[in-house]
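The next block holds one structure in the form of structure tokens; read it before the comments.
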Amino acid sequence: MKDYKLIFAVLTVAIVWGTTFLAIRVAVETIPAWFVAGIRQFLAALIMFFILVSRKEFKWIGWKNLGYQVVFASLMLVVANGMTTVAEETVSSSLASLISACSPILVFLGSVAVGLQKFSFRALAGVLLCFSGILFIFWDGIQDLANPQYRTGMIFLFCAIAGWASGTIFTKKLNIQSGNITLNLFYQFLFAGVVQVIFAFAFSENYNFGNWSLKSISAMLYLAVFGSVAAFFAFHYALTKISPVQVSILAYVNTVIAIFLGWLIMDEKISLKFILAAVMIICGVFIINYKPGMFRKQKADSITLH
């Protein structure tokens, strides 16, 4: 704990990624969701470009590596990030963060299916606990699904976590580990930004730029600078000091922060049942990911982009 840079990096990841769901919710109040996602990724790509040029590291990565980055960006940024952003036009930031926290369930089930991970009853217990938490959320609110906008938002959210899980499994299966992650991320952000801006013009019913509020624009800029770039660098600095599994524990903190901020700032209703569901899902995800010795310092042997 004497490593102040590490403490700062960990706090940055926990707090910034915990605020992204709230920032998305604020941004989509007056800006169409695909514009929020697309401009966020495009600005992040520009920042990455200037960083790479200043370090004299910018170069062409080759068609094969570009293909990997396009698939990864399509799953993790266009589908996962983009659809989460679209969902938050009709779904609260608290619920979006909680459903997103369930992605390790699909990662586990998919990893077992493709032979990356062995089945275990402990992990099965974690999956069942997560599913119980999800059922707990919707048990009383099942009638809300009759609302077409809410139903569409939930469908987008579940598509988002499926995209995130698929991207994670794709990375594990191919064991893609590049020496220059910043360079790869530039191509990912650029591809996702261009695709999402095209989606924005194609699917947004009303994109009157004059209606975009300063608050929403500020939230979108925050997502680009802090949510996509600053937290990314903090995350990978933390990975050089502590194990990937230890860093992944921050995901649980992110969810708690997102739920608290949604209640505090957006006045989102948080019932006792919702809190109990959150506890069940977070505990379930922890059980799925638990490994002996996970709290001890280990070599960072894998990388997962949040």
Side-chain angles (χ1 to χ4, degrees), residues 13-37 40 80-105 130-161 164 211-224 226-228 231 250-285 306:
V13 174
I15 295 170
V16 171
W17 277 344
T19 61
T20 53
F21 289 96
L22 175 66
I24 290 171
R25 184 69 176 155
V26 173
V28 298
E29 283 183 341
T30 62
I31 304 175
W34 283 117
F35 274 109
V36 172
R40 170 189 179 178
N81 182 270
M83 289 192 173
T84 298
T85 307
V86 174
E88 285 204 51
E89 288 185 323
T90 54
V91 175
S92 71
S93 63
S94 303
L95 184 56
S97 67
L98 193 53
I99 298 299
S100 296
C102 297
S103 57
I105 304 175
C130 286
F131 275 123
S132 299
I134 294 171
L135 290 174
F136 214 52
I137 293 172
F138 295 112
W139 193 258
D140 287 342
I142 197 75
Q143 69 276 5
D144 293 336
L145 293 175
N147 180 334
Q149 289 185 319
Y150 180 80
R151 185 170 63 244
T152 302
M154 293 311 304
I155 291 170
F156 270 86
L157 266 183
F158 282 105
C159 287
I161 64 171
W164 182 266
N211 292 335
W212 294 12
S213 71
L214 181 60
K215 186 169 75 167
S216 291
I217 293 171
S218 299
M220 183 169 62
L221 293 174
Y222 173 84
L223 286 167
F226 293 96
S228 293
L250 293 170
Y252 314 129
V253 181
N254 297 342
T255 305
V256 173
I257 290 174
I259 292 171
F260 173 73
L261 289 175
W263 167 79
L264 181 69
I265 297 173
M266 300 298 289
D267 200 26
E268 296 175 354
K269 293 180 180 179
I270 306 297
S271 64
L272 178 60
K273 184 168 283 191
F274 188 92
I275 293 171
L276 289 173
V279 171
M280 292 167 74
I281 289 171
I282 290 171
C283 288
V285 171
H306 188 285

Is [X] reaching over with its side chain to a backbone N or O of [Y], donor-acceptor style, under 3.5 angstrom?
| X | Y | answer |
| --- | --- | --- |
| E268 | S94 | yes |
| S100 | A96 | yes |
| W17 | G227 | yes |
| T30 | S213 | yes |

Inset, instruction - Check whether more than 12 heavy atoms from other residues, nucleotides or ligands sit under 6.0 Å from atom CZ of F274, and answer yes or no. - result: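 Yes, because the 6.0 Å sphere around CZ of F274 holds more than 12 heavy atoms from other groups.
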Inset, instruction - Take atom CH2 of W263 as the centre, draw a 6.0 Å sphere, and report whether it contains more than 12 heavy atoms from other residues, nucleotides or ligands. - result: no
Pairwise side-chain contact, [X] with [Y], heavy-atom cut-off 4.5 Å (strictly under):
| X | Y | answer |
| --- | --- | --- |
| S93 | L261 | no |
| C283 | M280 | no |
| R40 | N81 | yes |
| L22 | I265 | yes |
| V91 | F156 | no |
| I282 | V256 | yes |
| I257 | F21 | no |

Between [X] and [Y], what is the shortest heavy-atom contact and its length?
| X | Y | answer |
| --- | --- | --- |
| W164 | A80 | N-CB, 3.7 Å |
| I99 | I161 | O-CG2, 3.6 Å |
| T90 | R25 | N-NH1, 3.9 Å |
| A23 | A219 | O-CB, 3.4 Å |
| A278 | L98 | CA-CD1, 3.6 Å |
| I31 | E89 | O-OE2, 4.4 Å |

Legend entry - Partner set under side-chain contact (heavy atoms from CB on, under 4.5 Å) for S218, not counting sequence neighbours: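 Scan of S218 (side-chain contact (heavy atoms from CB on, under 4.5 Å), adjacent residues dropped) gives L214.
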Can you measure from [atom1] ([X]) to [atom2] ([Y]) and round to the nearest 0.5 angstrom?
| X | Y | atom1 | atom2 | value |
| --- | --- | --- | --- | --- |
| C102 | F131 | SG | CZ | 8.0 Å |
| L95 | E88 | CG | CD | 9.5 Å |
| I134 | F158 | CD1 | CZ | 5.5 Å |
| T20 | Y222 | OG1 | OH | 7.5 Å |
| T19 | I24 | OG1 | CD1 | 9.5 Å |

Inset, instruction - Sequence neighbours left out, what passes side-chain hydrogen bond (donor to acceptor under 3.5 Å, both in side chains) with T84? Give chain and number order. - result: none
Inset, instruction - Apply side chain to side chain contact (heavy atoms under 4.5 Å, CB included) to N254 and S97, showing your working. - result: CA-CA 8 Å; N254 297 342; S97 67; over 6 Å; no
